[in-house]
Amino acid sequence: MVTVMFGKLKEKLGKTVSKLTEKIYKKGEAKEVTPEKVENETQIIKSEKEHGLKCDTLVKEKEEKEKIEETPQKKEISFFDRFKITKTIKKVLKKEVVITEDDIEDVLEELELELLEADVAYVVVEKIIESLKDQLIGMKISPNDDPGEVTINALKNAIREILSQEVIDVEEIIKEKKKKGEPAVFVFVGINGTGKTTSIAKLAYKLKNKGYSVVLAAGDTFRAGAIEQLEQHAKNVGVRVIKHQKGADSAAVIYDAIQHAKARGIDVVLADTAGRQATNINLMDEMKKVVRVTKPDLVIFVGDALAGNDAIYQAEEFNNAVNIDGVILTKVDADAKGGSALSIAYAIGKPILYLGVGQRYGDLIEFDVDWMINKLFGEEEVKFSTEREF
Ligand SMILES: Nc1nc2c(ncn2[C@@H]2O[C@H](COP(=O)(O)OP(=O)(O)OP(=O)(O)O)[C@@H](O)[C@H]2O)c(=O)[nH]1
């Protein structure tokens, strides 16, 4: 089953736009108007070909057209038939509307429940509702305005506020460190199984393809097989790994990798660490030591989008322990809800750097607010590859 990325969130936001729009139409006693002009047949067929429009009228029209073709005497589609094909009813407000809290209260209450259901963190839901109220209550909508556009823009603004954090330019950090003759050091932290090792490999692949030299540090000396897993990724991607034996001190391995990179003028050190539960005090203390000793340029929290609210809680705990700089949210390709992608940055006040969108080395995309807004409100449905490279 192909997951529609952020599918649940997208559906709920779409429903809210329709409900708010209908409320405004009703209050403004909107009347239906038909389009001034009728498209000609070529435009209709073109629309059908270009957009695969299979709406009822077009399908019905094709059946009627086939029927006409069966009876040779009626070659042309009548004007009225054409008119039916492109019948796009628009509504126009009869009078100006001033939106009151009563007008939108019930729709916003429903939106609140539905966002919570899509795994959006409570603090984020509250912020979105508050922003919508600030934007919409008291707003004047004239007959020249398009209520649908007004409501979509209000929702987009509310979500943009949530998603916008200070942007971190990873390549800028690498270049700045290179000027000082030092490697940029990025340490990856998170709980077990979220995709740390995989994301390190994906970022190594991305940076290597951009011309940077990369070395990996096998800092997960805890989990059986973790060192070998990272070595396999490094081989596949074509970068080196600095490792010690299993059970060695994680900070020491990463420290050695940094010295190796310095000695050889390598641009970037990507350091793995053992997956750990935020509740495991000993492992959290070890992680604090790793950060204290290695002084990384970025501490990157790797969260699993499928974990929903748990990913937010874990990010908050890790942020309290070692001050996270940025987030990689993985398995977004498999996340039908979308709540964690919307919530994690706002909940900890740190930016999402990348999204993991599959199991190939190229399946790591730089996060961008406009990109996410477009995915939540855009028409296109993103299809991800289910191919596996690891
Ligand atoms: N669909 C999908 N799967 C992913 C993504 N990122 C990681 N995975 C899978 O998630 C699983 C765990 O990935 P790892 O990188 O081993 O996780 P980890 O955090 O290093 O795990 P520990 O070493 O136990 O802490 C693997 O099967 C990956 O292929 C992603 O973006 N999309």
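Fair warning: this is a prediction, and the values are worked out from it, not measured in the lab. All heavy atoms count here, side chains included; hydrogens, waters and symmetry mates do not. Heads up: numbering here begins at 1 and tracks the sequence. Start at 1 and go down the list; that is how both ligands and their atoms are numbered.
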> Roughly how far, to the nearest 0.5 Å, is CZ of Arg360 from CG of Asp333?
Replying inline: 9.5 Å
>> To the nearest 0.5 Å, what is the distance between CD on Glu317 and OG1 on Thr279?
In response: 8.5 Å
> Under a single-linkage rule joining Ile, Leu, Val, Met, Phe, Trp and Tyr whose side-chain heavy atoms are separated by less than 4.5 Å, which residues share a cluster with Val293?
Replying inline: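 Val293 clusters with Tyr255.
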Between the protein and ligand 1, which nitrogen or oxygen pairs come in under 3.5 Å, and how far apart is each?
{"from": "ligand 1", "atom 1": "1 (N)", "to": "Asp333", "atom 2": "OD2", "distance (Å)": "2.9"}
{"from": "ligand 1", "atom 1": "13 (O)", "to": "Thr198", "atom 2": "OG1", "distance (Å)": "3.2"}
{"from": "ligand 1", "atom 1": "15 (O)", "to": "Thr197", "atom 2": "N", "distance (Å)": "3.3"}
{"from": "ligand 1", "atom 1": "15 (O)", "to": "Thr198", "atom 2": "N", "distance (Å)": "2.7"}
{"from": "ligand 1", "atom 1": "15 (O)", "to": "Thr198", "atom 2": "OG1", "distance (Å)": "2.3"}
{"from": "ligand 1", "atom 1": "16 (O)", "to": "Gln229", "atom 2": "NE2", "distance (Å)": "2.9"}
{"from": "ligand 1", "atom 1": "17 (O)", "to": "Gly195", "atom 2": "N", "distance (Å)": "3.0"}
{"from": "ligand 1", "atom 1": "19 (O)", "to": "Thr194", "atom 2": "N", "distance (Å)": "3.2"}
{"from": "ligand 1", "atom 1": "19 (O)", "to": "Gly195", "atom 2": "N", "distance (Å)": "2.9"}
{"from": "ligand 1", "atom 1": "19 (O)", "to": "Lys196", "atom 2": "N", "distance (Å)": "2.8"}
{"from": "ligand 1", "atom 1": "19 (O)", "to": "Lys196", "atom 2": "NZ", "distance (Å)": "2.8"}
{"from": "ligand 1", "atom 1": "20 (O)", "to": "Thr197", "atom 2": "N", "distance (Å)": "2.9"}
{"from": "ligand 1", "atom 1": "20 (O)", "to": "Thr197", "atom 2": "OG1", "distance (Å)": "2.6"}
{"from": "ligand 1", "atom 1": "21 (O)", "to": "Gly193", "atom 2": "N", "distance (Å)": "3.0"}
{"from": "ligand 1", "atom 1": "23 (O)", "to": "Arg223", "atom 2": "NE", "distance (Å)": "2.9"}
{"from": "ligand 1", "atom 1": "23 (O)", "to": "Arg223", "atom 2": "NH2", "distance (Å)": "2.9"}
{"from": "ligand 1", "atom 1": "24 (O)", "to": "Gly193", "atom 2": "N", "distance (Å)": "3.4"}
{"from": "ligand 1", "atom 1": "24 (O)", "to": "Arg223", "atom 2": "NE", "distance (Å)": "3.1"}
{"from": "ligand 1", "atom 1": "25 (O)", "to": "Gly193", "atom 2": "N", "distance (Å)": "3.4"}
{"from": "ligand 1", "atom 1": "25 (O)", "to": "Lys196", "atom 2": "NZ", "distance (Å)": "2.8"}
{"from": "ligand 1", "atom 1": "29 (O)", "to": "Gln359", "atom 2": "OE1", "distance (Å)": "2.6"}
{"from": "ligand 1", "atom 1": "31 (O)", "to": "Lys202", "atom 2": "NZ", "distance (Å)": "3.2"}
{"from": "ligand 1", "atom 1": "31 (O)", "to": "Lys331", "atom 2": "N", "distance (Å)": "3.0"}
{"from": "ligand 1", "atom 1": "31 (O)", "to": "Gly356", "atom 2": "O", "distance (Å)": "3.2"}
{"from": "ligand 1", "atom 1": "31 (O)", "to": "Val357", "atom 2": "N", "distance (Å)": "3.4"}
{"from": "ligand 1", "atom 1": "31 (O)", "to": "Gly358", "atom 2": "N", "distance (Å)": "3.3"}
{"from": "ligand 1", "atom 1": "31 (O)", "to": "Gly358", "atom 2": "O", "distance (Å)": "3.4"}
{"from": "ligand 1", "atom 1": "32 (N)", "to": "Asp333", "atom 2": "OD1", "distance (Å)": "2.8"}
{"from": "ligand 1", "atom 1": "32 (N)", "to": "Gly358", "atom 2": "N", "distance (Å)": "3.4"}

> Considering residues at least two apart in sequence or located in another chain, which fulfil the ring-ring contact (aromatic ring centres under 6.0 Å, His included) criterion with Tyr313?
Replying inline: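 Applying ring-ring contact (aromatic ring centres under 6.0 Å, His included) to Tyr313 gives none.
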>> Is it the case that the side chains of Asn236 and Glu389 hold a donor-acceptor pair, with the cut-off being a distance below 3.5 Å and no angle test?
In response: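 No pair is found: no donor N or O on one side chain lies under 3.5 Å from an acceptor on the other.
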>> Tell me every residue that passes salt bridge (Lys or Arg N to Asp or Glu O under 4.0 Å) with Lys243, counting only those two or more places apart in sequence or in another chain.
In response: Glu231
